[in-house]
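A short worksheet on the structure shown next.
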Protein chains: 2
Amino acid sequence: MPAGKRANPLALAVLVCLAERPMHPYEVAQTLRTRHKDDSVRLNYGSLYAVVDTLVRRGLVEASETERSGRLPERTVYRITDAGHVELHDWLAELIAVPAKEYPAFEAALSFLPAVPPDEAASLLDERTQRLEAELASAGALRELVEKARLPRLFWVEAEFAIALRRTELEFVRRLRADLAAGTLEGLSWWRQVHGQPDGPVPLPPPWGPEHDEERP
Amino acid sequence: MPAGKRANPLALAVLVCLAERPMHPYEVAQTLRTRHKDDSVRLNYGSLYAVVDTLVRRGLVEASETERSGRLPERTVYRITDAGHVELHDWLAELIAVPAKEYPAFEAALSFLPAVPPDEAASLLDERTQRLEAELASAGALRELVEKARLPRLFWVEAEFAIALRRTELEFVRRLRADLAAGTLEGLSWWRQVHGQPDGPVPLPPPWGPEHDEERP
DNA sequence: TCTAGGATACTCTATATAGAGTCCCCGATG
DNA sequence: CATCGGGGACTCTATATAGAGTATCCTAGA
């Protein structure tokens with residue numbers, strides 16, 4: 001088996017850091033933080049040490065020394081192995097070349113949109129719009145700072161990507177909200193009707209089942 | 001504490017289904033599948049039953065009956081409680097109104113882009129482009145089918161959203177690839193140089209550290 | 001000089017999760 | 001009539017994960 005388990009991208013981050021030079025896990029965390037890679041990779045200590053252990057078990061990194069200063073906890077310095085270099089390369093290549101299915105929370109929320117009444121949905125979408133605008137504004141400010149610091153674009157492509165996604169999301173929300181306001185969203189009348197019942201929230205049922213999936217003779 | 005744990009969106013999906021009518025977990029899974037909600041919410045049996053248990057412990061759903069036909073495994077039918085209705089509403093409202101930070105795999109990959117040589121990166125990006133195009137093509141075909149089945153747009157907004165994100169990703173990848181080809185990507189010379197060393201892969205170190213984060217006098 | 005607060009460098013534990021495995025039924029096939 | 005395959009409806013288990021907790025050192029203020 002060439003690829004043991006490629007679950008947590010934090011493991012990839014560790015490999016990248018150790019490919020630069022040997023470090024102890026806490027130092028890996030620092031490095032990722034000062035480079036703002038913790039914006040793109042979920043980083044917390046609980047997972048970090050677990051992930052390093054896994055890498056050790058898979059033979060991708062190995063302990064190179066354990067220092068101790070005073071009576072502070074030991075620091076174990078790890079180095080990447082040859083197998084680690086290979087795995088780093090293959091994993092990263094795969095991540096770049098093949099798009100993976102993601103499950104964004106908002107996509108899930110949209111799936112169940114009919115479960116809230118349409119008027120409330122409208123104001124919730126408005127709130128999201130405002131928050132997204134705020135987020136994009138501060139992201140823009142940050143981008144200017146980074147540019148002024150003369151940090152080449154190569155080192156913040158990931159931030160650009162995140163911003164592009166958020167922008168698309170904002171446009172989508174605005175359009176959906178507009179269609180809702182204009183009454184041009186197909187299914188709206190059903191939606192209003194379902195929530196018009198006086199007997200409290202009747203969130204669904206949607207009027208389609210297996211029979212809509214394929215035609216029968 | 002009004003909100004116990006709002007981790008897994010599958011729990012939300014279960015609440016939505018049970019708000020429609022009482023079901024046993026397997027039936028919930030079926031329902032989600034026939035409505036293609038398993039495209040927006042990660043669904044697998046291992047998690048499903050665990051999630052239902054959690055909902056029971058939190059008092060959001062309760063067992064209403066357990067049937068048995070023949071010697072097949074028992075089917076426990078669950079119904080949503082009043083607290084469950086409240087939680088369903090609040091959770092969904094939050095998901096719609098406040099954008100959550102996500103960690104897409106490709107964003108992580110972009111973070112570490114300099115770890116592969118630039119020429120290889122170019123062809124990996126090409127491969128991604130092709131795969132994204134294929135994905136979007138089949139998504140388009142599916143969308144037409146759904147439209148022909150007269151399924152109102154309200155019931156597939158989430159798919160529209162996913163497509164919008166993928167389109168943005170495709171554009172982003174195309175542009176990045178083009179900048180790479182044109183040599184207009186800032187940092188490219190450093191990138192080439194680092195990977196030009198004959199002593200194998202020297203993936204990093206990037207030429208910035210804490211000193212770039214803030215100015216000193 | 002005493003102390004409050006913040007790094008440093010982990011460690012612990014309860015819970016979540018994925019994926020495989022299990023057991024039974026039913027219809028079709030040879 | 002035996003058996004084969006494909007659902008249905010879970011159950012089991014090893015691993016991953018988040019978040020809080022711990023213990024030491026250092027610095028700067030009162």
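Residue numbering restarts at 1 for every chain, and letters A, B, ... go by the order of the sequence lines. All values below were derived from every heavy atom in this structure, side-chain atoms included, with hydrogens, water molecules and symmetry-related copies excluded.
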Query raised in the report: Which nucleotide sits closest to the side chain of B/Arg57: C/dA16, C/dT11, D/dA16?
Result: C/dA16

Query raised in the report: OP1 or OP2 of D/dG8 sitting under 4.0 Å from any side-chain N/O of B/Tyr26?
Result: yes

Query raised in the report: Does a side-chain N or O from B/Asn8 land closer than 4.0 Å to OP1 or OP2 of C/dA16, or not?
Result: no

Query raised in the report: Is the distance from OP1 or OP2 of D/dG8 to the nearest side-chain N or O of B/Arg33 less than 4.0 Å?
Result: no

Query - Shortest side-chain distance from A/His24, nucleotide among C/dT17, D/dC10, C/dA9 - result: C/dA9

Requested in this report: Establish, from distance only, whether the side-chain atoms of A/His195 and A/Glu120 form a donor-acceptor pair under 3.5 Å.
Outcome: no

Requested in this report: Mind calculating the distance between CG (B/Leu43) and C1' (C/dT17) to the nearest angstrom?
Outcome: 13 Å

Query - Of B/Thr54 and B/Tyr45, the one whose closest DNA chain C nucleotide lies more 5' - result: B/Thr54

Requested in this report: Round to a whole Å and report the spacing from CG of A/Asn44 to C1' of D/dT17.
Outcome: 7 Å

**Report entry** Separation of D/dG21 C1' from A/Tyr49 OH (nearest whole Å)
**Finding:** 14 Å

Report task. Find the distance A/Leu48:CG to C/dT11:P and express it as a whole number of Å. Result -> 11 Å

Query raised in the report: Does any non-hydrogen side-chain atom of A/Phe112 lie less than 4.5 Å from one of B/Leu95?
Result: no

Query raised in the report: Touch check for A/Gln30, heavy atoms < 4.0 angstrom, all strands: base, sugar-phosphate only, or nothing?
Result: sugar-phosphate

Query - Under 4.0 angstrom between B/Arg42 side-chain N/O and C/dA18 OP1 or OP2 - result: yes

Query - B/Tyr45 and B/Tyr26 aromatic ring geometry - parallel, tilted or perpendicular at 30°/60° bounds - result: parallel

Query - Note, B/Glu135 side chain near A/Pro99 side chain (heavy atom, < 4.5 Å) - result: yes

**Report entry** Separation of atom CG in A/Asp53 from atom P in D/dA14, rounded to whole Å
**Finding:** 18 Å

Report task. Sort out for me which residue in B/Glu20, B/Arg33, B/Met23 forms a side chain to side chain contact (heavy atoms under 4.5 Å, CB included) with B/Val28. Result -> B/Met23

Query raised in the report: Could you give the CG-to-P distance, from A/Leu10 to D/dG19, as a whole number of Å?
Result: 14 Å

Query raised in the report: Expressed in angstrom and rounded to an integer, what is the separation of A/Leu55 atom CG from D/dT17 atom P?
Result: 11 Å

Query - Candidate nucleotides D/dT11, D/dA9, C/dC10, ranked by approach to the side chain of A/Pro25 - the nearest - result: C/dC10

Query raised in the report: Think A/Ser47 has a side-chain N or O under 4.0 angstrom from the OP1 or OP2 of D/dA18?
Result: yes

Report task. Starting at atom CD of B/Glu27, determine the distance to atom C1' of D/dC10, rounded to an integer number of angstrom. Result -> 14 Å

